[in-house]
Amino acid sequence: MSQSSLVSEIVRLKKQRNAVILAHNYQIPEVQDIADFVGDSLGLSIEAATTDAKTILFCGVHFMAETAKILSPGKTVLLPDLDAGCPMADMITASDVQELRRQYPGHTFLCYVNTSAAVKAECDLCCTSANALSMVRDIASTGGRVVFVPDMHLAGYAADSTGCDIVAWQGFCPAHARITPEDILMQKERHPQAVVLAHPECSAEVRELADEVVSTEIMCLYAHNMSAGEFIVATEPGILHRLRAENPAKRFHPASEEALCPNMKLVTLEKIRFSLKEMLHPVTLDRETLFRAKKCIRRMLEYRS
Ligand code: 13P
Ligand code: SF4
C-alpha cells in the first residue's frame, strides 16, 4: 500500500473507531505527522486523561500506553507494537521497590513515569522529566526524604537543582547514555553560537555542558521562544523532526546520531493501520494494580512544570 493510501485508510479507521492518535516526540516523522497530538510524557498523559475519544492509539512505548490506561481506564488503549518497551523502565521491578521500602522506611517513594504500572502501584508519587524538580521540592518542603526510581540521572539532576538528598536507584536510559561530553564539545566547536539543550536523562557530565536541561516538550518551547538561531540537541534525535518543522528558520544539530531509541522506532504507519483495524494490542491491567497505580500518578497532572 502506498504511503498516501495508508494515511487515508488510517484516517478512515480512526473515525470508525472514534480514536485519537497520540505520539511521543521521538516517534518516526510519518507517525508524528499523522498524530492528533505529539508531545512529551506529561503532555501525552494530560491528553490521554482528557480526550473524549473512545479509543487511544498510543505511538510510544509500553509504560506510556499503560499510563494512558491508568488515567482513562474506561477507554481502549492500543499499542501498535507490543515489543515497544522501555529498557530503563525494565531496570526495576515491584519487588525491588518492596525491598527498598524495607531499607528506607518513612521515605517518600517518587517514581519516574518511565516505570511499569506494577512499580507505580508500589510508589507514593509519580513524575515526568517536566515536573520532577517541583515534586521533589514540594516533598522536601514538608520535611520528606525522597527515594527516586529508576533513573539515576534524573535523580542526580533533581538533587543538584533542589539541594535535596535523594536515594537513587541506579537505572538509566541506554539511548541517552550514548551521548558523551566529547560529543557536546565537538558540536560546540563546530557550532560555537549554538545553545545546548540537554534532557535530564543525560549524564551529569553532559548536563554540565548544557545551557538548559529540560524535558522534550520544554525543549520545543525553548527552541521556539529563544532568540538563538542554532541549537545542539542532546536527546533522542527523533525530536529534530518536530523542532525543524516548527522552526524552519533555525538550525538544529543532534548532539549524537547514536542516541537512537530502537523501541521508539518500532511503530510504523502499517502497524497503526493494522492496530486500528484489528483493535490490537489493547492494554489490560488488573483492577488492584490499576487502582494503586492511579493513586500514585494522580498528582502528576497537577504539576505542569
Ligand atoms: P519526555 O519526553 O517526557 O521528556 O521523556 C523522554 C523519554 O525518554 C521518554 O521515554
Ligand atoms: Fe526508555 Fe530511553 Fe527509549 Fe525513553 S529513550 S523509551 S527512556 S530507552
Side-chain angles (χ1 to χ4, degrees), residues 22-28 31-32 35 37-48 58-68 71 79-92 111-116 119-120 126-135 148-155 157-158 169-179 197-203 206-207 210 212-223 233-243 254-267 297 300-301 303-305:
L22 306 184
H24 187 265
N25 288 319
Y26 299 158
Q27 291 289 297
I28 60 172
V31 168
Q32 292 193 33
F37 179 85
V38 182
D40 68 353
S41 308
L42 183 61
L44 290 164
S45 299
I46 293 169
E47 282 298 311
F58 215 111
C59 304
V61 290
H62 198 260
F63 76 81
M64 295 179 172
E66 251 187 8
T67 303
L71 290 165
L79 187 63
D81 190 318
L82 270 186
D83 289 333
C86 167
M88 182 211 282
D90 293 341
M91 288 177 190
I92 189 156
C111 65
Y112 194 18
V113 70
N114 298 40
T115 43
S116 66
V119 165
K120 289 182 177 80
C126 180
C127 67
T128 74
S129 56
N131 56 19
L133 300 192
S134 320
M135 292 185 84
F148 188 91
V149 301
D151 186 11
M152 62 173 167
H153 295 307
L154 181 55
Y157 173 60
W169 188 256
Q170 298 298 293
F172 63 93
C173 164
H176 286 86
R178 285 188 212 107
I179 304 173
L197 302 174
H199 196 275
E201 288 174 20
C202 292
S203 69
V206 167
R207 292 196 311 268
E212 303 290 347
V213 178
V214 282
S215 85
T216 58
E217 193 59 34
I218 303 175
M219 269 184 198
C220 294
L221 191 76
Y222 278 19
V233 183
T235 192
E236 213 278 351
I239 197 172
L240 294 173
H241 173 66
R242 192 177 150 195
L243 287 170
S256 165
E257 301 274 8
E258 307 290 304
L260 282 172
C261 173
N263 299 287
M264 281 283 185
K265 310 302 180 199
L266 287 174
V267 179
I297 62 176
M300 182 178 88
L301 305 189
Y303 288 78
R304 297 292 158 115
S305 64

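All values below come from the heavy atoms of this structure, side chains included, with hydrogens, waters and symmetry mates left out. Order of listing sets the numbers, starting from 1, for every ligand and every atom in it.
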Next item on the list: Would you check, one step at a time, whether the test side-chain hydrogen bond (donor to acceptor under 3.5 Å, both in side chains) holds for Ser129 with Tyr157?
Entry: CA-CA 10 Å; Ser129 56; Tyr157 173 60; over 6 Å; no
Check: Can you tell me if Arg178 uses its side chain to pair, donor with acceptor, with the backbone of Leu260 under 3.5 Å?
Finding: yes
Check: For ligand 2, which atoms, with element, lie under 4.0 Å from some heavy atom of Asn114?
Finding: 7 (S)
Note to self: With salt bridge (Lys or Arg N to Asp or Glu O under 4.0 Å) as the criterion, how do Glu217 and Arg242 come out once you've worked through the C-alpha distance, each side chain's angles and the decisive distance to 0.1 Å?
What the structure shows: CA-CA 10 Å; Glu217 193 59 34; Arg242 192 177 150 195; 2.9 Å; yes
Check: Asp81: what forms a side-chain contact (heavy atoms from CB on, under 4.5 Å) with it, not counting sequence neighbours?
Finding: Asp83, Leu266, Lys271
Item checked: Residues forming a side-chain contact (heavy atoms from CB on, under 4.5 Å) with Ala65, sequence neighbours excluded -> Phe58, Val77, Leu79, Val283
Check: What protein N/O/S atoms are found closer than 2.8 Å to atom 3 (Fe) of ligand 2?
Finding: Cys261 SG
Check: Without hydrogens or angle criteria, can the side chains of Ser41 and Tyr112 be said to hold a donor-acceptor pair below 3.5 Å?
Finding: no
Distances only, to 0.1 Å: what are the N or O pairs between ligand 1 and the protein that fall under 3.5 Å?
| residue | atom | partner | partner atom | Å |
| --- | --- | --- | --- | --- |
| ligand 1 | 2 (O) | His24 | NE2 | 2.6 |
| ligand 1 | 2 (O) | Thr216 | OG1 | 2.5 |
| ligand 1 | 3 (O) | Ser41 | N | 3.0 |
| ligand 1 | 3 (O) | Ser41 | OG | 2.8 |
| ligand 1 | 4 (O) | Ser129 | OG | 2.8 |
| ligand 1 | 4 (O) | His199 | NE2 | 2.7 |
| ligand 1 | 4 (O) | Thr216 | N | 3.0 |
| ligand 1 | 8 (O) | Glu201 | OE1 | 3.2 |
| ligand 1 | 8 (O) | Glu201 | OE2 | 3.0 |
| ligand 1 | 10 (O) | Asn114 | ND2 | 3.3 |

Note to self: Can you confirm whether or not the ring centre of His199 sits under 6.0 Å from the ring centre of His176?
What the structure shows: yes
Notebook entry, point to check: Which of these, Asn114, Thr115, Val113, sits in a side chain to side chain contact (heavy atoms under 4.5 Å, CB included) with Cys111?
Noted result: Thr115
Notebook entry, point to check: Distance from Glu212 atom CD to Tyr222 atom OH, nearest 0.5 Å?
Noted result: 5.0 Å
Check: Distance from Asn25 atom CG to Gln32 atom CD, nearest 0.5 Å?
Finding: 6.0 Å
